[in-house]
Number of protein chains: 2
Amino acid sequence: MDVRALETLRTVRSQGGVGAAAAVLHLTPSAVSQQLAALSREAGVALTERVGRGLRLTAAGDALADAAVDVAVAVGRARAACASFLGRPEGTVRVSAFQSGAQLLLPPLLTRVRALGGITVECSDEDVAQDDFPALTDRVDVVVAHRPEGSAEWPGSPSRLRVVPLLREPLDVAVPADHPLAGRERVRAGDLVDEQWIAVREGFPVATVLAAVAAGPGTAPRIAHRINDFSVVEAMVAAGHGVSLLPRYTAGRSPGVRLLPLAGVRAGRRVDALLRPDTAERLVVRRVLDELVAVAAEAGGAPVRAASGAGR
Amino acid sequence: MDVRALETLRTVRSQGGVGAAAAVLHLTPSAVSQQLAALSREAGVALTERVGRGLRLTAAGDALADAAVDVAVAVGRARAACASFLGRPEGTVRVSAFQSGAQLLLPPLLTRVRALGGITVECSDEDVAQDDFPALTDRVDVVVAHRPEGSAEWPGSPSRLRVVPLLREPLDVAVPADHPLAGRERVRAGDLVDEQWIAVREGFPVATVLAAVAAGPGTAPRIAHRINDFSVVEAMVAAGHGVSLLPRYTAGRSPGVRLLPLAGVRAGRRVDALLRPDTAERLVVRRVLDELVAVAAEAGGAPVRAASGAGR
DNA sequence: ACCGACGTTGTAGCGTCACTTCATGGACGT
DNA sequence: ACGTCCATGAAGTGACGCTACAACGTCGGT
């Protein structure tokens with residue numbers, strides 16, 4: 001009952017296949033398949049069953065994968081127990097974030113961590129659909145993700161996923177500087193009927209917010225363009241090609257754009273840090289996470305919550 | 001960070017040395033030493049330090065060993081999760097008990113377990129000093145141990161040791177059938193001054209009880225002989241070579257001996273099942289343990305506690 | 001204070017296990 | 001019906017861990 005094999009089983013479940021798991025684990029599909037076979041032989045029950053040209057975990061496999069999470073957590077605690085006897089935590093932590101979050105959080109995070117010394121942070125930007133954020137935790141230690149406010153919690157929390165809230169960011173309406181509404185202090189949903197909207201791609205975070213905000217009574221918003229990168233959106237808004245919903249702290253730097261708070265509706269997005277339960281136990285990771293929480297508190301106005309560490 | 005290496009570290013701590021741990025794990029001392037070296041290299045800190053001609057765990061090693069218990073428990077849960085999908089639990093469980101406890105409990109346990117089918121129970125009798133009972137859990141799955149009532153709890157419970165109470169057994173005074181006191185319903189401590197006592201060897205359970213019971217005010221009991229086997233004790237008592245303290249349920253079968261309850265003092269011993277936390281998670285073990293608790297409830301008069309399973 | 005003995009730590013040799021490469025068998029989509 | 005993708009199996013290779021043997025240090029006895 002090897003921890004590596006259990007880790008593999010866990011990855012096959014979260015990634016949804018042998019091939020994808022192999023890619024994440026830097027192995028060949030054959031090796032993954034053999035580990036699963038060995039594990040199944042040891043357990044005495046079938047852990048996977050073929051469905052179509054892929055496979056799926058059986059009930060037994062699912063139960064074992066759940067237990068594997070606890071094993072990984074216990075091993076992580078063991079590593080942390082050793083690391084706490086070292087002078088200060090060292091090592092490298094991989095952090096990923098969606099674009100606008102990366103722009104806001106990663107630079108100050110890096111400077112703060114550099115001040116600590118000894119810790120290397122490897123950053124990457126990952127732009128994925130909302131459902132795909134949790135799976136990123138297999139490749140990256142800390143995933144900075146966002147979701148529309150009021151939406152369902154991240155799936156798998158807290159048994160398979162640790163969620164650390166970072167900040168809440170209001171969504172404002174971005175209009176060109178020469179727009180009739182540009183001088184207003186705030187706007188209401190009724191003011192925005194007949195506008196052309198620039199939205200994010202289907203399935204991406206805050207895509208659902210627009211439908212709630214911009215729709216007149218019974219009518220769907222007129223979506224003219226779908227752009228994911230907010231700086232591109234700003235350029236298009238400034239050029240008068242439509243209006244959009246943009247997060248307050250990470251957008252609106254362009255001179256040709258005005259951000260107008262919404263009155264009447266509460267529109268916002270939540271920015272969370274996502275971690276696998278076992279990596280959340282690593283001492284270095286928790287150190288970096290502490291800094292990330294502090295950075296978010298500074299950047300997002302009021303601190304979200306006094307979350308020290310991974311919320312242990 | 002291999003589970004086997006962590007298991008080895010745990011064993012070195014509980015057995016108090018590399019050689020003893022190697023014997024328990026069916027390895028050579030060299031292999032154990034190498035595992036420790038590899039673990040220490042991975043942890044980055046010294047896990048052991050030499051003390052005299054042996055060695056001792058450092059603070060870091062102790063912390064890691066504690067964490068290793070949790071890892072082993074998590075792995076045990078994983079195995080149990082798989083086993084619960086099998087039809088009925090199968091496998092072999094090693095049970096050991098001290099003599100009188102073995103005599104009382106093991107035969108009915110074996111018949112009950114045989115009725116279940118599929119489970120093999122390997123019995124052994126282990127007569128060790130009281131302090132050595134916990135270490136037996138490295139070689140045996142379930143250790144039936146006893147201690148004087150009111151004595152300190154088993155060391156390491158519950159973090160390193162699971163304790164399941166089985167029964168309480170009063171200690172009576174055993175006198176020859178032709179003794180002046182033999183006709184009495186009960187005796188008091190004062191009646192027993194000037195008697196010659198037969199005790200167990202120093203350091204063995206219930207050795208301390210005699211000192212409290214048999215001592216007159218300020219005087220030590222006169223211990224003529226030290227015999228561990230209760231049937232031998234009975235034979236000597238019957239032959240008039242002294243009196244003794246014997247457990248009520250497991251002794252007194254010999255016709256030449258009378259057991260007299262003690263009035264005024266509360267003398268008894270507690271019989272417990274001792275398990276390692278990780279083996280306590282095994283499904284087969286818990287099945288056998290359930291039966292053992294039931295057997296003890298029958299044998300010891302009133303049930304001690306409604307302990308279902310390992311007290312999870 | 002010396003000597004014997006126990007127990008731990010290092011080194012060489014061997015076996016075993018896990019991974020990669022390559023080839024096969026199904027299942028879906030065109 | 002064919003091509004493509006995905007998972008699985010078989011043989012070869014590499015690395016890792018264990019056993020056997022030797023050396024060192026430390027403690028108890030004389």
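Within every chain, numbering begins at 1; the chains are lettered A, B, ... in the order of the sequence lines, protein sequences first and strands thereafter.
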So the stems of DNA chain D, runs of at least three Watson-Crick or G-U pairs (under 3.5 Å), are C:1-30 with D:1-30
Under 30°, 30 to 60°, or over 60°: which ring-plane class applies to His146(B) and Phe98(B), parallel, tilted or perpendicular?
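Geometry flag for Phe98(B) against His146(B): parallel rings.
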Val200(A) backbone acceptor or donor facing Arg226(A) side chain under 3.5 Å:
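Between the backbone of Val200(A) and the side chain of Arg226(A) there is a qualifying donor-acceptor contact (under 3.5 Å).
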Between Ser40(A) and Val45(A), is there a donor-acceptor pair closer than 3.5 Å when you use the side chain of the first and the backbone of the second?
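Yes, because the side chain of Ser40(A) sits within donor-acceptor range (under 3.5 Å) of the backbone of Val45(A).
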Dump the intermediate steps for side chain to side chain contact (heavy atoms under 4.5 Å, CB included) on Leu274(B) and Leu161(B), then the final yes or no.
CA-CA 7 Å; Leu274(B) 270 40; Leu161(B) 194 69; 3.9 Å; yes
Table of protein N/O atoms under 3.5 Å from nucleotides 20-23 of chain D N/O atoms:
| unit_1 | atom_1 | unit_2 | atom_2 | d |
| --- | --- | --- | --- | --- |
| dA20(D) | N6 | Ser30(B) | OG | 3.1 |

Whole angstroms only, please: what is the [atom1]-[atom2] distance between [X] and [N]?
| X | N | atom1 | atom2 | value |
| --- | --- | --- | --- | --- |
| Leu47(B) | dT9(C) | CG | C1' | 16 Å |
| Leu36(A) | dC6(D) | CG | P | 17 Å |
| Leu55(B) | dC27(D) | CG | P | 13 Å |
| Glu49(A) | dA27(C) | CD | P | 14 Å |
| Arg41(B) | dC16(D) | CZ | C1' | 11 Å |
| Asp2(A) | dG17(D) | CG | P | 11 Å |
| Met1(A) | dC17(C) | CE | C1' | 17 Å |
| Leu39(B) | dC16(D) | CG | P | 16 Å |

Closest-nucleotide ordering on DNA chain C, the 5'-leading residue of Gln35(A) and Arg50(B):
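Here Arg50(B) is the residue nearer the 5' end.
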5'-most contact on DNA chain C: Gly52(A) or Val32(A), nearest heavy atom basis?
Val32(A)
For a 4.5 angstrom cut-off between non-hydrogen side-chain atoms, does Arg79(A) reach Val75(A)?
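SC-SC contact between Arg79(A) and Val75(A) confirmed.
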Trace of the side chain to side chain contact (heavy atoms under 4.5 Å, CB included) decision for Asp272(A) with Arg147(A)
CA-CA 8 Å; Asp272(A) 299 318; Arg147(A) 60 185 174 90; 3.2 Å; yes
Identify, residue by residue, the members of residues 5-27 of chain A with a heavy atom below 4.0 Å from DNA chain D, and return them in order of residue number, or none.
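Here the set is Gly17(A), Val18(A), Gly19(A).
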Verify whether one side chain among [X] and [Y] offers a donor that lies under 3.5 Å from an acceptor in the other.
| X | Y | result |
| --- | --- | --- |
| Glu49(A) | Thr58(A) | no |
| Asp138(A) | Gln15(A) | yes |
| Thr11(A) | Glu7(A) | no |

Output the single nucleotide from dT8(D), dC28(C), dC19(C) whose closest atom is nearest the side chain of Ala31(A).
dC19(C)
Answer yes when Asp62(B) and Arg160(B) have at least one side-chain N-carboxylate O distance shorter than 4.0 Å, and no when they do not.
yes
Residues Arg10(A), Asp66(A): salt bridge by 4.0 Å N-O rule
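Salt bridge between Arg10(A) and Asp66(A), a charged N being under 4.0 Å from a carboxylate O: no.
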Ser33(B) side-chain N/O to dT8(C) phosphate OP1/OP2 under 4.0 Å:
no
Nearest non-hydrogen partners of Ala65(B) and Leu9(B), listed with the distance
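Answer, listing the atom of Ala65(B) first, then Leu9(B): N-CD2, 3.7 Å.
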